[in-house]
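Working notes, beginning with the structure itself.
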Amino acid sequence: MTGSFVPSGQSPPAQPASVVRLDIPGGAEVTHRDVAANGARFHIAELGDGPLVLLLHGFPQFWWTWRHQLTALADAGFRAVAMDLRGVGGSDRTPRGYDPANLALDITGVVRSLGEPDAALVGHDLGGYLAWTAAAMRPKLVRRLAVVSMPHPRRWRSAMLSDARQSAALSHIWGFQRPWIPERRLTADDGALVAELIRDWSGPRLPDEETLATYRRAMCIPSTAHCSIEPYRWMVRSLARPDGFQFNRRMKRPVRVPTLHLHGSLDPVVRTRSAAGSGQYVEAPYRWRLFDGLGHFPHEEDPVAFSTELVNWLKDPEPDR
């Protein structure tokens, strides 16, 4: 059984394997297994051989959000691995360790556990925040960086504190600061709020009910809602704490690997102007790509366009600034 802790008053966790160890479209046989890293176990889904591309999901999802990209990357000659972040999907649910510095060490630890010298990191939403962090903290383990729907952590902090419209767009994160109520809301009615959030944050190309049901079931695995919220609690509560100031200073270290920054023009969660200034923290080729007519989940809303952009950039030996 995947390691878990159980918050007071909740029942022991059920085995999540049947919920999260899923097939992907197209009939490709993805390999599911657990790897040890940074004092925990992490579930990964793997397909293909070649240079490692490690895919990092956001909220309120799990590895399956990259199902289309796993196939596209494997077909393009890459070893595509999608991991469940700490506390989500099939990975360990630990009582602590949800600050971004530790979560970034989870990611680079998985790279090492996979026996690779480095990886191209592709992160969406929270996964993007952690990919930025890993590239700054462990640059030797990051070959390239692709971030989706998330500004650089210093831009995120600045926008939360100085941009009223961006702060309002992230109202769900402010709501996460209450104890236990957000967890109960996320799991009420079999995760109905998860489906509501994904619909609200998407552009016109809405996910079907089967897709939404998959994410709802994954969120309802015991302890998942709590663990999913904990990183956002740290991000807000640390704004005025010494550990937050220290992390913000650490993020002054520039990213020195080629970076692709992808964003949907209709993203209601992260405003385009919040994300677009992140290039100032990259001292390497930086490419900004705005997808017209897409929302917060461009990799799911238009997987063909997204995967084409990503694969072409990964295969470009000299990406331009």
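The first residue in the sequence is number 1, and the count goes up from there.
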Item to check | Test ring pair (Phe, Tyr, Trp, His ring centres under 6.0 Å) applied to Trp201 - qualifying residues, sequence neighbours left out | outcome: His172, His296
Next on the checklist: Run the ring pair (Phe, Tyr, Trp, His ring centres under 6.0 Å) test against Trp174 and tell me which residues pass, sequence neighbours left out.
Outcome noted: none
Item to check | Non-neighbouring partners of Arg271 that pass salt bridge (charged side-chain N to carboxylate O under 4.0 Å, His left out), sequence neighbours left out | outcome: Asp163
Item to check | Under the salt bridge (charged side-chain N to carboxylate O under 4.0 Å, His left out) test, residues paired with Glu196 that sit two or more places apart | outcome: none
Checklist entry - Less than 6.0 Å separating the ring centroids of His299 and His68? => result no
Item to check | Pairs satisfying salt bridge (charged side-chain N to carboxylate O under 4.0 Å, His left out), at least one member in residues 112-130, at least two apart | outcome: Arg79-Glu116, Asp118-Arg143
What side-chain donor-acceptor pairs closer than 3.5 Å can you find for residues 47-62, not counting sequence neighbours?
from: His57; atom 1: ND1; to: Gln61; atom 2: O; distance (Å): 3.3
from: His57; atom 1: NE2; to: Leu85; atom 2: N; distance (Å): 3.0
from: Gln61; atom 1: OE1; to: Thr65; atom 2: OG1; distance (Å): 3.3
from: Gln61; atom 1: NE2; to: Glu300; atom 2: OE2; distance (Å): 2.6

What pairs of donor and acceptor atoms, side-chain ones from residues 310-317 against any protein atom, are under 3.5 angstrom apart with sequence neighbours left out?
from: Asn312; atom 1: ND2; to: Thr308; atom 2: O; distance (Å): 3.2
from: Asp316; atom 1: OD1; to: Glu318; atom 2: N; distance (Å): 3.0
from: Asp316; atom 1: OD2; to: Arg287; atom 2: NH2; distance (Å): 3.4

Sequence neighbours excluded and cut-off under 3.5 Å, please list the side-chain donor-acceptor pairs for residues 130-142, or say none.
from: Trp132; atom 1: NE1; to: Met150; atom 2: O; distance (Å): 3.3
from: Trp132; atom 1: NE1; to: Pro151; atom 2: O; distance (Å): 3.3
from: Thr133; atom 1: OG1; to: Tyr129; atom 2: O; distance (Å): 2.9

Next on the checklist: Going by the rule side chain to side chain contact (heavy atoms under 4.5 Å, CB included), which residues pair with Pro298 if we only count those two or more places apart in sequence or in a different chain?
Outcome noted: Val148, Ser149, Phe291, Leu294, Phe306
Next on the checklist: Restricting to salt bridge (charged side-chain N to carboxylate O under 4.0 Å, His left out), what partner residues turn up for Arg155, sequence neighbours left out?
Outcome noted: none
Item to check | Donor-acceptor pair between Gln177 and Arg233 side chains, under 3.5 angstrom | outcome: no
Next on the checklist: I'd like to check the salt bridge (charged side-chain N to carboxylate O under 4.0 Å, His left out) partners of Arg199; sequence neighbours left out, ordered by chain and number.
Outcome noted: Glu209
Next on the checklist: Show me the pairs that pass side-chain hydrogen bond (donor to acceptor under 3.5 Å, both in side chains) and involve residues 185-194, at least two apart or across chains.
Outcome noted: none
Checklist entry - Could you go step by step and tell me if Arg86 and Asp92 meet the salt bridge (Lys or Arg N to Asp or Glu O under 4.0 Å) rule? => result CA-CA 6 Å; Arg86 181 182 292 254; Asp92 276 356; over 6 Å; no
